[in-house]
> 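One structure follows; several queries about it will come next.
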Amino acid sequence: MTASTISNPTQTKPDAIRVVSAAIEASTLGFRYGDREALNDVTFAIARGEIFGFLGPNGGGKTTLFKLLSTLAPIQTGSARLFGHDLAGDTGAVRRRLGVVFQHPSLDGKLTVGENLAAHGHLYGISGARLRKRSGAMLERLGLTPRQRDRVETLSGGLQRRVELAKALLHEPELLLLDEPSTGLDPSARREFWNYLQHLREHDGVTVVLTTHYMEEAERCDRIGIMHQGKLVAIAPPNELKSEVGGDVTVIHTAAPELLQRKILARFKLKSQLVDGAIRIEKLRGHELVRDLIDDFGEEIESVSFGKPTLEDVFVHLTGHQFFAHTSPAE
């Protein structure tokens, strides 16, 4: 994967954006907050039944994109369709097919679990026997039946996340949209939550689209779209992205990185990147490179490490920035 092919997702493999049966199709989406550009020419398609993640640091554009897809913000430029319905002109039809789980809880802590589901069902015109049936099914599916009379404020973070999911699925949406779904969950609750998402996809055919800055969460998606400064810089399955990095990733810390970088180029004919004051080299058999670097420049090297490519390495490869170093207060 070269810089010219990853800067625009439409230049990657055709199946990265052209899917047989699309749940979401977006073309050249753009959005501005005054003079600040939050999204720039974002184009993608997500298949029905896919688990798709938008991965990026704060300020990358994920939250703005979430607001557009969930119909919380109007589309300014470009277009998007959900199951064939225009997000700009057919909002009612879109919302009926969409379940949303927000990053911050949208539950009423003073109400019981069952009361929260009932209130949400009424918003979608669900009442009577149908409401009782759907609520009961969701409570059973998510292991919440014994807690249906408990106030939400008494539940753990993991249980509250389950209630959020039950509420979002109450009206039987075809697509589930989640904003940073693992925020506030411990590792055990996070794994449990993901098991429910995979069950939904495998048994009910629900399409799952999420935003995240957790690498391990992105690893569990069928495909990911990497966001950076309002642009979608790559779309592919996680393993495919990692395979394109170009070998093991060696990171060298030194007091004079630019000088050592020139020496490495002259000695080994290896190109490298300077990222946040460290020298970064992609090369197969990184352990051999580490040995050679220590032999030739040991006195100049403060520390050196190597490892197989991660999604964070992919982000650095694509953008030239560390993942958690490039953030802004809002998206």
> Give a yes or no on whether Met227 and Tyr33 share a hydrophobic cluster (residues Ile, Leu, Val, Met, Phe, Trp, Tyr; joining criterion: side-chain heavy atoms under 4.5 Å apart).
yes
> Nearest heavy-atom pair of Leu117 and Leu170: which atoms, and what distance?
O-CD2, 3.2 Å
> More than 12 foreign heavy atoms under 6.0 Å from CD of Glu258: is that the case here?
no
> Please report the C-alpha distance between Leu232 and Thr43 in whole Å, then the side-chain angles of each, then the deciding distance to 0.1 Å, and finally whether the side chain to side chain contact (heavy atoms under 4.5 Å, CB included) criterion is met.
CA-CA 8 Å; Leu232 189 58; Thr43 296; over 6 Å; no
> Do Ile51 and Arg220 have side chains that get closer than 4.5 Å, going by heavy atoms?
no
> Answer yes or no: does atom NE2 of His104 have more than 12 heavy-atom neighbours from other residues, nucleotides or ligands under 6.0 Å?
no
> Quick check: is Leu289 connected to Ile301 through a chain of hydrophobic side chains (ILVMFWY, heavy atoms under 4.5 Å apart)?
yes
> How many angstroms lie between CD1 in Ile24 and CG in Leu87, if you round to the nearest 0.5 Å?
7.5 Å
> Quick one: CG on Leu175 to OG on Ser70, what's the gap to the nearest 0.5 Å?
11.0 Å
> Measuring only between side-chain heavy atoms, which start at C-beta, is Phe44 closer than 4.5 Å to Leu65?
yes
> Do Ile126 and His122 come within less than 4.5 Å of each other through their side chains, counting heavy atoms only?
no
> Identify the heavy atoms of Ala166 and Leu144 that sit nearest to each other, and give their distance.
CB-CD1, 4.3 Å
> Any link between Leu98 and Leu72 through a network of hydrophobic side chains (Ile, Leu, Val, Met, Phe, Trp, Tyr) touching at under 4.5 Å?
yes
> Would you mind reporting whether Ser106 and Lys167 have side-chain heavy atoms less than 4.5 Å apart?
yes
> Does the side chain of Glu240 reach to within under 4.5 Å of the side chain of Arg223, using non-hydrogen atoms?
no
> Where do Val251 and Phe306 land on the side chain to side chain contact (heavy atoms under 4.5 Å, CB included) test, with the steps shown first?
CA-CA 6 Å; Val251 179; Phe306 83 97; over 6 Å; no
> Can you establish whether the number of heavy atoms outside Glu140 located under 6.0 Å from its atom CD is more than 12?
no
> Quick one: pull up CG in Leu178 and CG in Leu197 and give me the separation to the nearest 0.5 Å.
6.0 Å
> Side chains of Thr310 and Met215: does their closest heavy-atom pair fall under 4.5 Å?
no
> Between Glu115 and Arg149, does any NZ, NE, NH1 or NH2 come within less than 4.0 Å of an OD or OE carboxylate oxygen?
no
> Determine whether Glu312 and Gln322 satisfy the following criterion, side chain to side chain contact (heavy atoms under 4.5 Å, CB included), listing intermediate values before the conclusion.
CA-CA 8 Å; Glu312 186 167 2; Gln322 291 283 8; 3.7 Å; yes
> Would you say Val249 ends up clustered with Ile264 if hydrophobic residues are merged whenever their side chains have heavy atoms under 4.5 Å apart, either directly or through other cluster members?
no
> Check Ala80 against Asp86 and note the closest heavy-atom contact, atom names and distance.
O-OD1, 3.5 Å
> Kindly give the heavy-atom pair with the smallest separation between Cys221 and Phe52, and that separation in Å.
SG-C, 4.1 Å
> Sequence neighbours left out, what passes side-chain hydrogen bond (donor to acceptor under 3.5 Å, both in side chains) with Ser272? Give chain and number order.
Gln261
> With respect to Phe54, which candidate in Val209, Ile224, Asp179 satisfies the side chain to side chain contact (heavy atoms under 4.5 Å, CB included) definition?
Val209
> Hey, could you give me the CG/CZ distance between Leu123 and Arg95, rounded to the nearest 0.5 Å?
11.5 Å
> State yes or no: do Leu274 and Leu259 share one hydrophobic cluster built from I, L, V, M, F, W and Y residues joined by side-chain heavy-atom distances below 4.5 Å, directly or via other members?
no
> Side chains of Leu176 and Leu165, heavy atoms from C-beta outward: is any pair under 4.5 Å?
yes
> For the side chain of Arg280 and the backbone of Asp313, is there at least one donor-acceptor N/O pair under 3.5 Å apart?
yes
> Determine whether the aromatic ring centres of His321 and Phe315 lie less than 6.0 Å apart.
no
> Quick check: closest heavy atoms across Ile252 and Val304, and the distance to 0.1 Å?
CG1-CG2, 3.8 Å
> Any salt bridge between Asp204 and Arg141, counting N to O under 4.0 Å?
yes
> Answer yes when Glu174 and Arg97 have at least one side-chain N-carboxylate O distance shorter than 4.0 Å, and no when they do not.
yes
> Look at the side chain of Asn116 and the backbone N and O of Asp108, then say whether any donor-acceptor pair between them is shorter than 3.5 Å.
yes
> In this structure, are over 12 heavy atoms from other groups packed under 6.0 Å from Arg151 atom CZ?
no
> Is the ring pair Phe66/Phe102 parallel, tilted or perpendicular, if the boundaries are 30 and 60 degrees?
perpendicular
> Mind listing the closest non-hydrogen atom pair of Gln273 and Val316 along with its distance?
NE2-O, 3.7 Å
> Which of these, Lys110, Gln160, Glu164, sits in a side chain to side chain contact (heavy atoms under 4.5 Å, CB included) with Val152?
Gln160
> Working to the nearest 0.5 Å, report the span between CG of Leu177 and OG1 of Thr211.
8.0 Å
> Between Asp248 and Lys308, is the closest basic N to carboxylate O distance under 4.0 Å?
yes
> Go through the steps to decide whether Thr207 and Arg48 satisfy the test side chain to side chain donor-acceptor pair (under 3.5 Å), and finish with yes or no.
CA-CA 6 Å; Thr207 305; Arg48 293 175 186 250; over 6 Å; no
> Using a strict threshold of under 4.0 Å (side-chain N to carboxylate O), is an ion pair present between Glu282 and Lys271?
no
> What I want to find out is whether Asp296 reaches Lys263 closely enough, with some N-O distance under 4.0 Å, to be called a salt bridge.
no
> Would you call Glu172-Arg130 a salt bridge at under 4.0 Å N-O?
yes
> Run the salt bridge (Lys or Arg N to Asp or Glu O under 4.0 Å) check on Arg162 and Glu192 step by step: do they pass?
CA-CA 9 Å; Arg162 286 199 228 170; Glu192 186 180 358; 2.5 Å; yes
> Say you draw a straight line from CG of Leu260 to CZ of Phe297; how long is it, rounded to the nearest 0.5 Å?
6.0 Å
> Let's go through Ser305 and Thr250 carefully: what are the C-alpha distance in whole Å and the side-chain angles of both, what is the deciding distance for side chain to side chain contact (heavy atoms under 4.5 Å, CB included) to 0.1 Å, and is it a yes or a no?
CA-CA 6 Å; Ser305 63; Thr250 301; over 6 Å; no
> Under a 3.5 Å distance rule, please check whether Lys62 uses its side chain to pair with a backbone N or O of Pro57 as donor and acceptor.
yes
> Indicate yes or no: at least one non-hydrogen side-chain atom of Thr112 is less than 4.5 angstrom from one of Asp150.
no
> With sequence neighbours left out, write down each residue that passes salt bridge (Lys or Arg N to Asp or Glu O under 4.0 Å) with Arg191, or none if nothing qualifies.
none
> Taking Glu216 first and then Arg190, would you say they form a salt bridge - that is, a charged N and a carboxylate O separated by under 4.0 Å?
yes
